[in-house]
Structure formats: C-alpha cells, structure tokens
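The structure appears below as structure tokens.
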Protein chains: 2
Amino acid sequence: MENKHATLTAAMEDYLKAIYELQATTGTTTTTALATALNISAASATNMIKKLAELKLARHSPYRGVELTTAGEKIALEVVRHHRLIELFLHQALGIPWDEVHVEAHKLEHVLSDNLENHIADFLGDPTKDPHGDPIPSKAGIIADRERESLADGAPGARVTIQRVGAQDPARLRYLRELGIVPQARVNIVAHAPFEGPVRVRTEDGAEHALDRGLARQIWVAEKSRPKTRVHAPRKMIKGSRQ
Amino acid sequence: MENKHATLTAAMEDYLKAIYELQATTGTTTTTALATALNISAASATNMIKKLAELKLARHSPYRGVELTTAGEKIALEVVRHHRLIELFLHQALGIPWDEVHVEAHKLEHVLSDNLENHIADFLGDPTKDPHGDPIPSKAGIIADRERESLADGAPGARVTIQRVGAQDPARLRYLRELGIVPQARVNIVAHAPFEGPVRVRTEDGAEHALDRGLARQIWVAEKSRPKTRVHAPRKMIKGSRQ
DNA sequence: GTTAGAATTTAGCCAAGACTAAATTTTGAA
DNA sequence: TTCAAAATTTAGTCTTGGCTAAATTCTAAC
Ligand SMILES: [Mn+2]
Ligand SMILES: [Mn+2]
Ligand SMILES: [Mn+2]
Ligand SMILES: [Mn+2]
C-alpha cells in the first residue's frame with residue numbers, strides 16, 4: 001500500500017488547501033484568487049497549478065481556473081484536519097487564545113506525522129470542531145456541511161446559537177471574544193439597521209452590541225440551540241479578559 | 001532591536017545544531033563528520049559551511065574543519081532548546097514514548113515560534129532536562145555541563161543514578177526503558193566483564209542485566225543520587241509496557 | 001622525503017518555488 | 001461588433017540546498 005503523497009512539499013499542501021477552501025466558499029478557484037489567498041504572484045500560482053495537474057491532484061482549464069481531483073481533495077482535507085486539530089490542541093492543552101492559533105497551525109500542519117496526529121486526536125477525544133467552530137474532517141476525509149445562516153441573515157427577534165466564526169483577523173477575533181461571541185454562545189438578534197448598516201445583537205450577559213454587517217456575515221449560526229461539547233478553554237483572567 | 005536570524009532556513013538550523021553537538025561531544029567538527037551526522041554528501045556540507053561562515057555564524061579553516069562563532073552557538077542553543085522542550089512536551093502532555101519524540105522534535109523544532117516556545121516552557125514549569133536527561137538550554141542560552149561518568153566508567157559495587165541516556169536508536173531506547181534504565185533510576189554496577197565485555201548492572205527491581213559496553217558508555221550517571229523532578233510520564237500499560 | 005589513499009573542496013548540474021516582464025486570451029463596455 | 005483592460009500564461013531569472021565527478025590538499029606508511 002504505497003503512500004502516494006508522502007512526498008508533497010509544504011508549498012503544495014498549502015496550495016491544495018487554499019484551492020479547497022476557495023472552492024468551498026466561493027464555488028470556483030481562479031488563478032488570481034489563489035494567488036491572492038497565498039500572497040504570491042499570479043505567475044507563481046499558474047506554475048504550481050500546472051505541477052499539481054501533472055500529479056493528477058488538480059485539473060487545470062487554462063484561462064478558466066482550477067479544481068481539485070478526488071485525490072487532491074483527499075489531501076486537502078488531510079491538511080485541513082491537521083490544521084484544525086492543531087488549533088484545538090494548542091487552545092485546549094496550552095490555553096493559547098483563539099486569535100493566535102491559526103498562525104501557529106499554518107506552520108505546524110505540514111510537519112505533523114500520522115503518529116502525532118493520532119495522539120492529538122486521541123488526547124482531544126476525536127473532536128469535530130476547532131476553536132472557531134470550523135468542522136474537523138474525520139480521518140476518513142468526511143467533513144460536516146457548512147452552516148447556511150449567518151448573523152446577517154437571521155430574522156430580528158431570533159434567538160440563535162453561534163456555530164462558527166469565519167473571521168481570521170486576530171484583532172476582530174479578540175473583539176468578538178470580548179463580546180462573548182464564540183461558538184456555542186447564544187445571542188438574540190435585535191435588529192438590522194437599514195442600508196447595510198450594523199446588526200444589533202444581545203449577548204448572554206444582557207449587553208447589546210452593534211456589529212458591522214460584513215463581520216456579521218462571517219458569523220454563522222443555527223436557529224435551534226444544539227448543545228455541543230465545549231470547545232473553548234475556560235478564561236483565566238477575571239475581567240477585561242482577552243481569551 | 002533587529003532579529004538577525006529570523007531568516008535562517010531549517011537546513012541552516014540543523015547544520016548549526018549538528019556542528020554544536022559534534023563540537024560538544026567529540027571536540028572538533030570535520031566536514032565528513034558533519035556530512036555523516038546530517039546524512040548528506042561531504043560536498044553539500046562544505047557548501048553550507050561556507051554559507052554559514054559568510055553569515056559569521058561559523059569559522060571555516062579549509063581542509064581543517066569548522067567551529068561556531070558566538071553568534072552561531074547562540075542560535076544552535078536556541079534550536080537545541082526548541083528540540084528538547086518539544087521532546088519533553090510531547091512526552092508529558094501526550095504520553096508519547098521517549099523513543100518516538102526525537103524524530104517528531106526534529107521537524108517541529110524549526111517551526112516553533114517564540115510565543116509557542118514560551119507557552120510550552122510555561123506549561124512544563126521551565127524544565128531543565130528532556131526525557132533522555134539531556135539538559136535544556138535556558139532562554140538566555142545557558143546550558144548545564146555534561147556528565148563525565150558513564151555506566152562503563154563506574155566502579156563495580158557503585159550505586160549510581162542514571163542522569164542521561166545518550167542512545168538515540170529507538171530500539172535501544174525501548175530496550176532500556178523496559179529494563180527500567182531511565183533518568184533518575186538507581187542502579188548498582190555489579191561488574192565489568194573483561195576484554196571490553198558487557199557491564200552487569202542491577203536495577204531497582206532487583207533484576208540483573210548485562211549491557212553491551214558500547215551502550216553502557218552512552219549511559220551517563222552520577223555517584224550521588226540527587227533527587228530530581230520526574231521527567232517520565234507514568235506508564236499506561238500494566239505489563240510488557242513499552243514506554 | 002615520497003607517495004598512495006583519505007579527506008576536502010571545486011565545478012557543474014538539478015529541482016523546487018519564488019519573482020518580473022512580456023505575450024496571450026478573455027471579457028465587458030461602447 | 002469591436003477593442004481596450006483585466007486576467008492569465010509564458011519566458012526567463014534567482015535562491016536554496018541537494019547531488020556526482022574531478023581536482024586539490026593532507027597525512028601516514030614506507
Ligand atoms: Mn500551511
Ligand atoms: Mn480555525
Ligand atoms: Mn531539525
Ligand atoms: Mn533528547
């Protein structure tokens with residue numbers, strides 16, 4: 001049973017992951033979008049796309065875009081699994097705040113052996129969500145569906161449970177944490193200001209906050225509050241606590 | 001306060017560490033020894049030595065050998081610190097056996113941020129020894145002296161405490177673990193067979209074992225038993241337990 | 001003191017993955 | 001329908017860190 005991709009470079013893994021995520025969020029993957037996501041030039045992206053196509057991990061339609069083959073998607077999901085397991089592990093085992101784990105996981109994901117991956121999954125009890133609420137693909141490559149409703153979609157008056165926070169920017173993540181807007185928190189949608197204005201929500205502590213519409217669109221919710229395993233480490237500080 | 005070496009590659013870090021360790025154990029670092037240690041060709045070693053010399057991290061005397069500059073040694077010690085902190089963390093936090101941690105740490109050591117390093121050191125309570133008993137350099141680059149007496153040196157009849165196990169080979173490490181020959185264990189030296197024959201020792205459980213002289217020379221001891229913080233995670237299995 | 005063999009360095013090559021500049025293709029507005 | 005701008009690909013270059021083969025230097029046995 002040969003391992004076909006034991007030999008992929010970190011760069012290739014990042015490309016596969018980025019293509020996967022662009023495909024999952026925006027539907028397609030253009031060369032420019034990929035280059036932007038990876039902060040490289042479009043020429044570099046084309047170059048790697050052709051290599052991945054050569055390896056049968058992606059299909060390239062020149063001038064039209066890329067998509068992953070089944071083999072490519074499988075590897076992308078393994079990298080995503082690594083990334084999210086690491087994020088959760090750093091958060092749970094070391095108490096590293098949710099706005100700091102992404103940058104660490106981005107490097108560690110490429111040097112995680114199968115052995116270490118298993119130990120971590122074991123330690124965490126085979127978790128299904130990372131600290132941002134993103135689903136962790138199973139070892140077999142099964143991943144939960146994306147939520148379809150954001151805080152910007154919920155009707156005023158709705159009582160929702162935060163499922164996933166799509167924002168990546170550390171400053172925004174710290175801000176949301178301070179407000180108590182983290183996975184599994186309950187919030188009431190108070191109102192949507194007109195002309196794409198802010199979304200007013202009331203958090204569990206009774207406080208009301210106005211969130212930028214763009215930010216609200218990155219916060220995914222469920223109408224019914226389904227209780228889930230706690231993902232967030234307990235806060236250590238008493239007040240003014242930054243997660 | 002510019003960080004002069006934020007930009008060193010993983011390869012450079014491995015070279016610096018290898019030069020440091022050859023210097024510490026054998027006194028000098030020849031091109032061939034370095035190439036052997038890193039499992040590369042002598043030509044590749046020469047090549048990198050010249051780059052490191054260019055960067056003022058090493059001094060090269062053509063045809064004579066290499067040595068680290070103060071700056072190079074500082075970086076080498078940082079890499080060693082990373083390596084050993086990671087080994088201990090994997091052992092303590094995840095229960096990964098001492099024969100498996102080295103290979104993981106070798107990859108992780110190059111992607112450990114300062115932030116993560118600090119979190120880990122904190123978690124471990126600023127430890128001074130890794131699971132093999134190797135000293136962990138302090139943040140400031142201070143490292144404890146090497147032990148000078150091995151199991152092959154101790155006089156028959158001596159009661160010693162294992163300080164450090166220099167063997168790296170996983171099979172040998174598992175074997176020693178099974179015998180109970182781990183840092184902080186007490187053993188009695190029974191006898192040295194002549195003609196470089198095996199060293200007989202009695203372990204704490206009363207059993208007597210004959211160790212190859214070469215292996216005994218890699219096991220460092222202290223005459224006085226100084227009690228230290230426990231480094232080894234408790235065994236999980238009842239019997240036939242491989243650490 | 002020679003000199004063969006060991007150790008080391010030099011020369012030349014390769015693959016990965018980035019870049020810029022130029023060429024090509026696609027697209028959307030007039 | 002045309003055609004300029006945007007998107008994409010091609011061409012050519014660079015750096016890193018490997019490699020082998022050949023040249024050079026060192027060393028030890030004679
Ligand atoms: Mn990455
Ligand atoms: Mn995440
Ligand atoms: Mn290493
Ligand atoms: Mn060690």
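Side chains included, hydrogens not; waters and symmetry mates left out as well; all remaining heavy atoms used.
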Notebook entry, point to check: Looking at A:Lys74 and A:Glu78, does any basic side-chain N land under 4.0 Å from a carboxylate oxygen?
Noted result: yes

Check: Taking the inter-plane angle between the rings of A:His106 and A:His102 on a 0 to 90° scale, is it parallel (under 30°), tilted (30 to 60°) or perpendicular (over 60°)?
Finding: parallel

Check: Quick one: which of A:Lys129, A:Arg81, A:Arg164, A:Arg146 gives a salt bridge (charged side-chain N to carboxylate O under 4.0 Å, His left out) with A:Asp134?
Finding: A:Arg164

Margin query: Once you apply a heavy-atom cut-off of 4.0 Å, does A:Thr46 come out as touching a base, just sugar-phosphate, or nothing?
Written below: base

Between the protein and nucleotides 14-18 of chain C, list the N/O to N/O atom pairs that are separated by less than 3.5 angstrom.
from	atom 1	to	atom 2	distance (Å)
C:dG17	OP1	A:Thr9	OG1	2.1
C:dA18	OP2	A:Tyr15	OH	3.3

Next item on the list: Strictly below 4.0 Å, heavy-atom distances to any atom of DNA chain D: list the hits from residues 56-69 of chain B, or just say none.
Entry: B:Tyr63, B:Arg64

Check: Do A:Ser150 and A:Asp153 meet the criterion of a side-chain donor-acceptor pair at a distance under 3.5 Å?
Finding: yes

Next item on the list: Would you kindly give the CD1-to-P distance between A:Ile49 and D:dA7, to the nearest whole Å?
Entry: 15 Å

Checklist line | With A:Asp99, the salt bridge (charged side-chain N to carboxylate O under 4.0 Å, His left out) member among A:Arg174, A:Arg177, A:Arg172 | finding: A:Arg174

Next item on the list: Return the orientation label for the A:Phe89 and A:Phe123 ring planes: parallel under 30°, perpendicular over 60°, tilted otherwise.
Entry: perpendicular

Next item on the list: Using a 4.0 Å heavy-atom cut-off across all strands, classify B:Ala45 as base, sugar-phosphate, or nothing.
Entry: nothing

Item checked: Whole-Å gap separating P (D:dG17) and CG (B:Leu52) -> 9 Å

Next item on the list: Please report the C-alpha distance between A:Glu104 and A:Ile86 in whole Å, then the side-chain angles of each, then the deciding distance to 0.1 Å, and finally whether the side chain to side chain contact (heavy atoms under 4.5 Å, CB included) criterion is met.
Entry: CA-CA 8 Å; A:Glu104 306 288 353; A:Ile86 291 165; 5.8 Å; no

Margin query: With side chain to side chain contact (heavy atoms under 4.5 Å, CB included) as the criterion, how do A:Leu90 and A:Glu100 come out once you've worked through the C-alpha distance, each side chain's angles and the decisive distance to 0.1 Å?
Written below: CA-CA 9 Å; A:Leu90 296 178; A:Glu100 292 176 14; over 6 Å; no

